[in-house]
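Shown next, in structure tokens, is the structure this report addresses.
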Amino acid sequence: MEEENRKNNFIKNIITEDLEQGKNNGKMITRFPPEPNGFLHIGHAKSICLNFGVAQEFKGKCNLRFDDTNPAKEDQKYIDSIISDVKWLGFDWGEKIYYASDYFDRLYEFAVELIKKGKAYVCSLTAEEMREYRGTLTEPGKNSPDRERSIAENLDLFERMKNGEFEDGTYVLRAKIDMSSPNINMRDPVIYRIKTMSHPRTKDAWCIYPMYDFTHGISDALEGVTHSLCTLEFQDHRPLYDWLLDEVSVPCHPQQIEFARMNLNYTVMSKRKLQKLVENNHVDGWDDPRLPTIAGIRRRGYTPAAIRNFCNIIGVSKKESRIDVGLLENCLREDLNDIAPRVMAVLDPLKVTIENWPDKDSSNMNRQNIENLHPQDGTEELEALNHPQKPEMGTRKITFSKTIYIEQDDFMENAPKKFFRLAPGREVRLRYAYFIKCEDVIKDKDGKVVELICTYDPATRGGDAPDGRKVKGTLHWVSQEGSVPATVNLYDRLFLAEDPEAENDDFTKNLNPESLIKLEGCRVEKYLLNAQPEKAYQFERLGYFCADSKESSEDHLVFNRTVTLRDTWAKVNKQ
RNA sequence: UGGGGCGUCGUCAAGCGGUAAGACACAGGAUUUUGAUUCCUGCAUUCGGAGGUUCGAAUCCUCCCGCCCCAGCCA
């Protein structure tokens, strides 16, 4: 379904044109450059799909490169999770993983080159002073008193910075550009700072670390990146990106192109807010199935194909937008409908006794209509399709018996005409089994319906009526003997508000109190006993579900609802 | 009020001077042992606004309006 017919976008147009004109010797290389300081979310998926996607499409390559220049925030565990997420999404970064930290030596040399050209200087202004000297959005900045320091002195100071002779914060290395530039990024930006701190990969080799702007462009150039795709907020940095690459002797000059990041409604995407949800236990951890993190949606049951397709469908532009999660869910359903085997599960069981079904120990056990009746326990095996539209997915046996369960919602004592399900005196089909008719309703002392007494029609075995009579409704069901108990997590959107962060006060006020409903008394087909975590099943008439990768076991099955089926009845019913 | 961006259907989004693609949503209808799927049909005389250029403008020009980003020794 996906892969074919990928949509065009302005970035692909640029690449096509560059390739046609023979730019970059006909090569095209992109990169996905995460900072390992947090977990990936669906917004990153857009960038991943874009960068790896165009590389695939144009027969180029895409490097996975960690932008690990700030040891204060970064950690190996993030590196590991990012690698696993990108792999799960289905992308291949070739033989090696790149790290900006692998370039620390060369980066240092490039800084020295800049100093020698008189294009960088060591500055001793404090952070606060530097802010004052920087000016404001409307007023130009002032030159640092250290701006005209001699090259020799700069060289000496910078080397001593590297050697660890100074305290953190005493000196920085700055590019010498233009303190009166209307673009604040060009007002002598810091390119190196002292941080006496161990780095996840280079350990204690360095106590000075390069800044993003300095590192990123050079890393791109060293890797021969041709198109450096990043989000809109870096547009103002492009002049600096270009300045740096022009001033330093790198092998090539990549082109930075910016696009709008993805926003989804009914959720939050910022690292800080996701962190708050986790820390304040509003959710169950970084992989909570309600979170838009890759780990979360994966645990929820989303498929990589659905996410890739979604990223293709939403397109790439420079317009800031908030995409309807409905679009995502639709891509999910499209994929799941194709691949998920169908099974039956009853989430809110209502007991049904088939009164004319032979009792285990009664004498009518030899009734000939019940072809595969097991005389020992009074059950019958029936055959069900694993996917009605795909016979190649095979069939499976399901067990029918005297005691079965249907969904509470599928029975109504005083049912309106449009209600196609079970009601006193009405007949429905049990999927792949028999027609049953409701003869009696048993209630407890509070008036709650606790059991239905029904009769079945032996002639309708498999679900077809030989006399051609029609029933409007087909219900899913499960039998006492053919099912096992399970817990089911019903997930819904995490927030009630389309834009949870619209008001500047506490966004957690918009949390949906019903984003998780844990159902304990569910019953699922025995077939599900060996369900693999994350593998999608369609619980017929309910939605798509998967066994939870953390909590489900053969002793205690736990399923997550990935997404519901489209439900036009619910919509009509609401009106 | 400095600089950089962006404004095409409810939501995304093509379009690049020749007379508004597509997807989702929505509304009808058909088929259906999932009120699912699938399948038809409809859905912007109009492109933030106002002028101008042109035989012809969403596309070019001018002005205006609205929204976003930038003053980390974060990325």
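Predicted, not measured: the structure shown is a model, and the values here were computed from it. In what follows, chains are A, B, ... by sequence order, proteins preceding strands, each numbered from 1.
- Side-chain proximity of A:Asp236 to the nucleotides B:G4, B:C12, B:U34 is greatest for B:G4.
- For B:U11 and B:A50, the C1' atoms lie 28 Å apart once the distance is rounded to whole Å.
- Between A:Asp457 and the choices A:Lys437, A:Arg469, A:Arg429, the salt bridge (Lys or Arg N to Asp or Glu O under 4.0 Å) rule is met once, by A:Arg469.
- The A:Glu35 side chain lies nearest to B:A75 when the options are B:A75, B:G3, B:G35.
- Base orientation of B:G72: syn, the glycosidic angle falling within 90° of 0.
- Using a 4.0 Å heavy-atom cutoff across all strands shown, A:Tyr209 reaches no nucleic acid atom at all.
- At a threshold of 4.0 angstrom between heavy atoms, the contacts of A:Gln389 include nucleobase atoms, whether or not backbone atoms are also involved.
- The residue A:Leu137 sits close to a base: some heavy atom pair falls under 4.0 Å.
- Which of B:C74, B:G3, B:A71 sits closest to the side chain of A:Arg134 comes down to B:A71.
- The separation of B:U38 from B:A23, taken at their P atoms, amounts to 13 Å, rounded to a whole angstrom.
- If you check distances only, the side chain of A:Glu74 never reaches the base of B:A75 with a donor-acceptor pair under 3.5 Å.
- One finds a side-chain N or O of A:Asn330 lying less than 4.0 angstrom from the OP1 or OP2 phosphate oxygen of B:A25.
- Relative ring orientation between A:Phe507 and A:Phe495 is described as tilted, the plane-to-plane angle lying within the 30° to 60° band.
- Residue contacts shown for A:Val172 include a base, since a base heavy atom lies under 4.0 Å away.
- Taking 3.5 Å as the limit, the base of B:U34 and the side chain of A:Gln538 contain a donor-acceptor pair of atoms between them.
- For A:Phe110 and A:Tyr103, the gap between ring centers reaches or exceeds 6.0 Å.
- Checking B:C70, B:U34, B:C74 against the side-chain heavy atoms of A:Ile184 singles out B:C70 as nearest.
- Across all strands shown, the partner of B:A23 is B:U11, judged by Watson-Crick or G-U wobble contacts whose two distances both fall under 3.5 Å.
- When heavy atoms are screened at a 4.0 angstrom cut-off, A:Met344 is found touching no nucleic acid atom at all.
- Between A:Arg193 and B:A75, a side-chain N or O to OP1/OP2 separation shorter than 4.0 Å is present.
- In the set B:U34, B:G5, B:C12, B:G5 carries the atom at the smallest distance from any side-chain atom of A:Leu232.
- Nearest nucleotide to the side chain of A:Thr568, out of B:G35, B:C12, B:G72: B:G35.
- Side-chain contact check for A:Glu329 versus A:Thr564: every heavy-atom pair is 4.5 Å or farther apart.
- Side-chain atoms of A:Arg131 stay outside donor-acceptor range of the base of B:G72, with no qualifying N/O pair under 3.5 Å.
- Within 4.0 Å of A:Tyr192, counting heavy atoms only, lies no atom of the nucleic acid at all.
- Across all strands, A:Arg342 comes closer than 4.0 Å to base atoms (heavy-atom distances).
- Counting only heavy atoms from C-beta outward, the side chains of A:Ile194 and A:Tyr171 approach each other to under 4.5 Å.
- Residue A:Leu125 is in base contact, counting any heavy-atom pair closer than 4.0 Å across all strands shown.
- Figure legend: A:Arg31 and A:Tyr98 shown without cation-pi pairing, the cationic atom not lying both under 6.0 angstrom from the six-membered ring centre and within 45 degrees of its axis.
- The distance between the ring centers of A:His216 and A:Phe234 does not fall below 6.0 angstrom.
- Protein atom CD of A:Glu540 is 13 Å distant from nucleotide atom C1' of B:U32, rounded to whole Å.
- Backbone-only engagement by A:Lys195 is indicated by non-hydrogen atom pairs under 4.0 Å involving sugar-phosphate atoms exclusively.
- In terms of phosphate contacts, A:Lys318 brings no side-chain nitrogen or oxygen within less than 4.0 Å of OP1 or OP2 of B:C68.
- The side chain of A:Thr138 approaches B:G2 more closely than any other nucleotide in the set B:A36, B:C73, B:G2.
- Note on A:Arg421: a base of the nucleic acid sits closer than 4.0 angstrom, heavy atoms only.
- With a cut-off of 3.5 Å on both Watson-Crick or G-U wobble distances, the partner of B:A75 is given as none.
- Only the C1' atoms considered, B:U1 is 32 Å distant from B:U59, to the nearest whole Å.
- Nearest to the side chain of A:Thr136, among B:U34, B:A71, B:C68, sits B:A71.
- For the P atoms, the distance linking B:U62 with B:G72 amounts to 34 Å, nearest Å.
- Distance CZ (A:Arg322) to C1' (B:U11): 12 Å, rounded to an integer number of Å.
- Here, B:C6 and B:G48 have their C1' atoms 11 Å apart, quoted to the whole Å.
- Nucleotides B:A36 and B:U31 are separated by 14 Å at their P atoms, to the nearest Å.
- Rounded to an integer number of Å, the gap from CZ of A:Phe259 to C1' of B:C69 is 15 Å.
- In terms of phosphate contacts, A:Ser181 brings no side-chain nitrogen or oxygen within less than 4.0 Å of OP1 or OP2 of B:G3.
- Of the side-chain N and O atoms in A:Lys319, none sit less than 4.0 angstrom from OP1 or OP2 of B:G5.
- A 6.0 Å sphere centred on CZ of A:Arg396 holds more than 12 heavy atoms belonging to other residues, nucleotides or ligands.
- Taking atom C1' on both B:G35 and B:U19, the two are 44 Å apart, rounded to the nearest angstrom.
- Across every strand in view, B:G2 sits in a pair with B:C70 that passes the Watson-Crick or G-U test at under 3.5 angstrom.
- Using a 4.0 Å heavy-atom criterion, one finds that A:Asp464 contacts the bases of the nucleic acid, with or without backbone contacts as well.
- Residue A:Pro33 is classed as having no contact, given no heavy-atom separation below 4.0 Å to the nucleic acid.
- Residue A:His237 is classed as a base contact, given a heavy-atom separation below 4.0 Å to a base.
- The separation between A:Leu475 atom CG and B:U32 atom P is 19 Å, rounded to whole Å.
- Phosphate contact (OP1/OP2 of B:G15, side-chain N/O of A:Asn13, threshold under 4.0 Å): present.
- Rounding to whole angstrom units, NZ of residue A:Lys470 and P of B:U32 are separated by 7 Å.
- Within the 4.0 angstrom heavy-atom criterion, no nucleotide atom of any strand lies near A:Val471.
- B:C39 is paired with B:G29 under the criterion used here, namely a Watson-Crick or G-U wobble arrangement in which both key atom distances are under 3.5 Å.
- Between A:Phe559 and A:Phe545, the gap from one ring centroid to the other reaches at least 6.0 Å.
- Residue A:Arg541 places at least one side-chain N or O closer than 4.0 Å to OP1 or OP2 of B:G35.
- For B:G35, the base is stacked against the aromatic ring of A:Trp569, per a cut-off of 5.5 Å between centres and 30° between planes.
- Between B:C26 and B:G10, the two P atoms lie 15 Å apart (nearest whole Å).
- Closest approach to the A:Phe419 side chain among B:G35, B:A71, B:A75 is made by B:G35 (side chain taken as heavy atoms from C-beta onward).
- Aromatic rings of A:Tyr302 and A:Phe310 (six-membered ring for Trp) have centroids beyond the 6.0 Å cut-off, not under it.
- Judged by distance alone with a 3.5 Å cut-off, no donor-acceptor contact links the side chain of A:Asp567 to the base of B:G35.
- Each of B:G35, B:A36, B:U11 was ranked by its minimum atom distance to the side chain of A:Asp324; first place goes to B:U11.
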